[in-house]
Every structure is written in structure tokens, then in C-alpha cells.
Amino acid sequence: MHYFLKRVLEIIPVLLIITFIVFTLVFIAGDPIALLLPEDATAEDIAALQAALGLDDPFYVQYGRYVVNMLQGDFGTSFRYGEDAMLLVLERLPATIELAIASILVAIMIAIPLGIWSATKKNSSIDLLATGAAVLGKAMPNFWLGIMLILVFSVTFSVFPVSGRGSFSHLILPAITLGTGIAAEMTRLIRSSMLETLGQDYIRTAKSKGLRTGIVVYKHAFRNTLVPVVTIIALQTSTLVGGTLITETVFAWPGIGQLLIQAVNNRDMAIVQACVMVIAFFVIMMNLIADLLYQLLDPRIRYK
Amino acid sequence: MKRKLWMLGLLVMGLFLIVACSNDDGDGEQEKDTDEKTETSGDNRTLTIALGSDMVTFDVHDHINTSTEAIHVNMFNYLVKRDNETGEILPDLAESFENIDDLTWEFKLKEGVTFHNGDELTSTDVKYSLERVATGEELKDYTNYNQIKEVEILDDYRFRIITHEPEPVLLNRISRIASGILPSKYIEENGFDHFLQNPIGTGPFQFVEWVRDDRIVFEVYDDFFEEKNEDWDQLVFRIIPENSTRVSELLTGGVDIAVNIPPADWDRVSDHEDTYLAQETSNRTLMIFLRSTEGYPTSDQRVREALDLAIDNQAIIDSLLGGAGVPTITRVAPGNFGFAEHLYDTYNYDLDRAKELLAEAGFPDGFEMTFHSPRGRYLQDAEVAEMVAGMWAQIGVTANIEFMEWSNFVELRNAHENEDAYLLGLGNSMFDAANGLDWYNAERFEGETDYRNDEVEELLAAAMTNMDLEERNEQYIQAQELLAEDVAHIVLHMESINIGVSEGIDYTPTMDEMIYVDTITRK
């Protein structure tokens, strides 16, 4: 419990550092006014809107104001939408969580059987095929894969809807797009982890006792490969976030990724900050959950 | 241990199912909507239009965004509207209008017009709407309306708009973005935030829901003051940012109309048996702005003319824009007040003369220059910049192109750090030469392009407040002739609007880039 509390409290300075970095980067990247006004805006128009939005203040004043407001629960107002930035982000959160969980499930469903299979049939043609598939899965950019899946399964065969969010069938193609890259990485890891475990003495003992291969592999070996698998799933959360930016745009999926891309394009500082805060919070929480899961998976691990 | 793992697995699955079944409303409505949509699409009572970006807001005064306005025009009405064919200003909410004196216009509203909550439209709503944008400095369209001093109510249906200065362009001004009339009583009673969440207008369609970055749904308003459309019960705008996805949705029948079809996909849309490409010339001109600042080669009229003569505008249109686009020498297009017909649909191209002019100007071997260009902002902008640079190379001018991300490009211009030339596309929602030719105003562009032509200055200043429309028209035409002769900047072409449409639907895009659903019918 003490450990858990300590880890939770550590989140606060991390998030503060993140706000500073993001604020600085967006500030350096350019003035949002340029994007809020049309081509024919005059210098006076620009100055007037800058003053109205408080963007004519120096950096430290703007950042200070942001932090003070943030500590009071006010994450600022979107320049573009004129609404509370955090509410806009939270509104889209369910869509992104839905896609993220579906992608992880797709990855697990592909990676676990494939990883175990290729480890137990080491150097066979199945192993080579699985390794090749993993390399291919990792090498295919989400953007390209998404468009290809749409062309094949939506345009040519009309099996799934092209884009949007709604029914379960809307979820399948984006989840496969996002899950493939993660599956590739997981497959490789499960394979090597399984190979290592399968070489252990206790596995030989189990085999020599005459246990069936299935029991040896799934009950004795696989359980012990779970610690690195959980680690990779937790670490993949950040990869997942990067993936959602592209996948959500390709599939017109109304989640945080799409919102963040537009906010960056529009220099919508408040939205960028709120998105990054929420994403950072999730990544940190996922790492924390992974740490706690280790204890569950391996009773020898104890945190103090 | 095994049980724990099972429980963990079940927990993850359970979480997934909860989220998968939930949606922004949290009650599964969205799935139902989608199913209903598919069903109604079958008998074509729902029109689904795919846009590239989401609507910004329902605050009509605070967006300056063409695609947002394209949605708003179906829900709000202006006092008057522009006929896209003739450019004539026609009554909309106003039954009649009259210019009383240089500063005063009198209007009479149609009686019996109601907002979507049943409230009747009165002069109070007009006063509230126009004065809000004319005085609200924080609103993005403020500078386009602060010419209005006040709206004086005469009675429930009659009012006067009083301007600070003579405003020959007032009718154009109030028939564009930010002129939609808002329900003052509804806003007063419920607050503006409530209005933003539950907007109402006087238009043919009323608001149902807005799922951000996903869809905006409207349904037909039965008590619309003009003829009710017979084709559509429901109107859905879907947000699909990725071009190829938007095209795929069109080809598979997921949407009925898809905007901004990129040139690479024109053939896919045209060749498909269920879709066609609807094209129209837009009011957006692609131009190359040149520096007339002393010390730059382009400060010499002969150099500017040589650069213009070296560009084969039609070749750009044919090879990069699939033939869609119109070459022009002026940026005031047909349908705009002050249009000079003889300068439109034509261009100057003469390589030999261009070389002669360069030699006369003291650059027989050409010169090197910097050419800034945005990338991805306008139709094929980067490709156009490259092709222009290639054409200039033929007369010995080496243009070093610097492609820039849009906001950096705008900052470069604002900081007056632009060099010899930059590429820019300019729209004109006012449909008046005043807006178009303001780009030649010496004071405004001091330090940026430094172009000055005193004769043009005088003509533009006089026309700006000239209430004699015939004389004003002449002044603008004369100014455009002088600018063409002087080659102040290089005008390339008018861009095209490219919209993919399902075969079963009849739709012709309009020059103002609005989507008037009332004009979209089933075949």
C-alpha cells in the first residue's frame, strides 16, 4: 500500500514536467493566431485577437497562468472550439479506450498462440513463417495497413464498414490495424521468453514425469513467460497512443488521437496540453498496473 | 493462480465490452443511430455528406471557417442571399430592403418566420445578432462587421442598419459567414452556452446531435418559412479527415456526397459506376506575391512581367489539376462585384519576350531568387510551386523553393521576412472587388510586398465608399487593368471545387463552397 501511494504521488511532478515541456514546444512551434484568422487578416486583426486570447503576454506569464488554473482544475479553453479543453478530451476518451483495448485483445489473440507455437516448433517452417509474419507486422506502417484493409475488406468485398464508430463491425478494421504492430512485437518476445523457459530444468522434469506436452507448455512454461509479456503490454501503451493518432485519422474514429492531431495542426495549446496530460496519466497508470500485476503473476516479486 | 488469471482475463474482456457497448451518450444510442442510418439510406430519405474536418462551433460569429459555414447555411438564414448564378442579392429573411442614405439601409422582415422552437423572428433578433458581431472584439468575424454602427428597430418587422461610413458592400457583407440570424429571446432565457449545446435557427433543418469528430445530425424542420424540401428527412454530416477513406466511403455508398476529392482520386470517382465527380470553379485564386522592395530584382516592373510571361498557366492546369481551373490575370472572379471580364480566362505567355525583358532589366543571364510556398494548404500547391520554378528556369531564373508548414508560413509573412516571392491562395466570401483588391493596398503591405501604385490607391480608396454602384464598378475595373499592366503580383488561376457524388443524387456545387441541401435532389 505504501509502495502504491508513493508511486501515485510520483505522478504529480512527472505531469508538471510534462506540462512544461509541452507548453514550451507548442509555444516555440508557432503562434495559433496565424491559424485562427483567414489569409486576409490585417496586423491589427492579429493584434486584437492576440490580446483577447491573452497570447500577447510573455511565455512565463502564459505558463504561470496555465499552471495556476490547472491546479484549480481549469485546463483552459480551446482556441478553436471556445470550450473547456479537458471536457473536449474526456468526451473522446471512451472511443480511444475502446479502440485501445480492442487492439490489445487482437494483439494477444495473435501473439500468444503464434509465439508459443513458433517456440515449441523452433526452426521449423512454422517458426520461420511466424518470425517472418512478425517482421512484416512490425514493418507495415499503420497508415498503409489501414488504407489497405479498407480497400480490401470494405471497398472490394464489402465485409466491414469503411470508417466511423458505432457498431462492433466498425471496430474490427481499426483494431486489427493498431493491434498488428503490437502483436508482432509480442510474438517475438513470447517466442524468446518461451524458448528460455522451455530449456529450464523444471520443464525437463515435468516432461520426464510423462506429462502431456500441452500441460507442460501451457501450465508450466507459459505462466512463467507472462511477466515479460505483461511488461511489453504495459510498455506498448505508449506505442498504442502513437498508433491511435494515425489509426483514428484513417478510420475517422472520433477519439483523442484525432483530436490531438487537429489540435497540434491548429496550435490549440489547451487541447494539446489536456490530451498529453490524459495520455501521460494513462501511460503512467499502465506501468503502475503492470508493476502490481508482477506480484500477482510471480509471487517471488514483492515491493516495499 | 490459474483462477486469478482467468479472473484477470474476464476483467479485461468485461471492461472491453462495457466500453465497446458504451458511447458518448453512454446508452447505446449511437449504434441504433448507425443502424437506422443505414436503413434510411436505402430509401434515400437521409442525405449523408462527408466533410474533411469537423464543424468548429455553432457560434456563427466566431469561426471564420468555410466548411463550418457550409453546415450552418442549412440551419440559419441570412437577411439576404447571393444568387450564385447571377451574383444578384435576393431576399431571404428580409422581404425587402432599401438604401435610405449613405449610412442607412432599411429592411422589412418576412412575417411568420419561426425559429425551430416556434418563436417568431422579429427585428429584435436581427439587432441582437448583428450588433453582437459588430461590437464583440473577441469574436473572430468582428473585423468584417465592425463597419455596422447599430441596428435601429422601427417595429417588429422593420429595422434600419446604420453604418459608420458609407457601405456600398453592406448587402454582400450580410449575405455571408457570420450573418446568420440568432434567436435573441431563446438565448436571453437560456444563456449562450445552452444555445451552443442546443442551437436553433430559422433554416430548413433543425439540430439533432453533434458527436464531435464523428457526425452532426439534422432533421427537416416542418415549419420552414419557404418551400419544404421533398427529398430528405434527415441530414448527416460525417467527419472523415483522411482523403482516401472519404473516397472509399463514397464508393461503397457509406456517404452520398464527399467533399474535397484530391486530384489523385478523380478518376476513381469518375470511373466508378455509382459515383460522379461534380466540379465548379471556386472563388479562390492562386497567386504569386512578389516583393517590390528596392533592391529586389522583382521591384522592376520588367522583371515581374518577365516572370509572368514565363509561366504557362494552362499547362499547370492541364498537367496538375486535371484541366479543372481557370487561368486569370485578375483575382476578381465572375460573380464578384467589379469583375473585369476581359482579364479573366486568359493569361500571358511568351518566353522570348520574357527573356528580352529580363535582358532589358539588366539580368541577361537571369538571377537567383527565393520562393516560399505552403504545402498541402491549397490544391496541389507544392506541385504548382515546383512547376512554376521549372518554367522560370527556362528564362534563366533560379527559384529556390522553401516549402513551409502553414503557421510558420503565416508567421514569416507577418514578420515581413518573406523574400522575393511567395505562393498564396485567396478566397473572397464577400464576393466584392474591395476585398480582392485590398491585397494591393500599399499601406497594408508596407514591409511585406511594398507594392505601391498611386493611381490604383486613389481608385481603391474612392471605390471603397462610393455608393454610386456603376461608377464604383468602373473604378474597380480600371484598377484591375492598371494592376495587370504593372504585374503587381502574378495571378495564376482560379481553383476548382471537387466533390464526389453518388449517381442517384443531383448536385451542382456552388462557387461560394457552401452546401445548400435544399438544392440537392434525388434523381
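By convention in this document, chain letters (A, B, ...) are assigned in the order of the sequence lines, proteins followed by strands, and residues within each chain are numbered from 1.
For the atom pair Ile240(B) CD1 and Thr249(A) OG1, the distance stands at 12.5 Å (nearest 0.5 Å). A distance of 11.5 Å separates OG of Ser154(A) from CG of Leu251(B), quoted to the nearest 0.5 Å.
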Q) Would Gln258(A) and Arg212(B) count as a side chain to side chain contact (heavy atoms under 4.5 Å, CB included) if you check the C-alpha gap in whole Å, the side-chain angles of each, and the deciding distance to 0.1 Å? A) CA-CA 10 Å; Gln258(A) 214 192 119; Arg212(B) 287 169 191 279; over 6 Å; no

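In this model, a donor atom of one side chain and an acceptor atom of the other lie less than 3.5 Å apart for Ser163(A) and Glu249(B).
For Ser244(B), the part lying near chain A is the side chain, with the backbone staying farther off; criterion is any non-hydrogen pair under 4.5 Å. For Asp141(B), no part lies near chain A; criterion is any non-hydrogen pair under 4.5 Å. Of the two parts of Tyr218(A), neither the backbone nor the side chain holds a non-hydrogen atom closer than 4.5 Å to a non-hydrogen atom of chain B. Contacts between Glu443(B) and chain A at a heavy-atom distance below 4.5 Å are absent for every atom of the residue.
Between Asp213(B) and Gln262(A) the shortest side-chain heavy-atom distance falls below 4.5 Å.
Across all their heavy atoms, Ala252(A) and Asp214(B) have their closest contact at O-OD1, 4.4 Å. Closest heavy-atom contact between Phe79(A) and Lys140(B): O-NZ, 3.2 Å. Contact record, Thr252(B) with Val162(A): OG1-CG2, 3.4 Å, taken as the closest heavy-atom pair.
For the side chain to side chain contact (heavy atoms under 4.5 Å, CB included) with Arg80(A), the qualifying choice from Asp54(B), Thr57(B), Asn65(B) is Asn65(B), the only one to do so.
Annotation: Phe195(B), atom CZ; neighbour count of heavy atoms from other residues, nucleotides and ligands within 6.0 Å is above 12.
Taking chain B as the reference chain and counting heavy-atom pairs below 4.5 Å, the highest number among Ile261(A), Val250(A), Ile150(A) is found for Val250(A).
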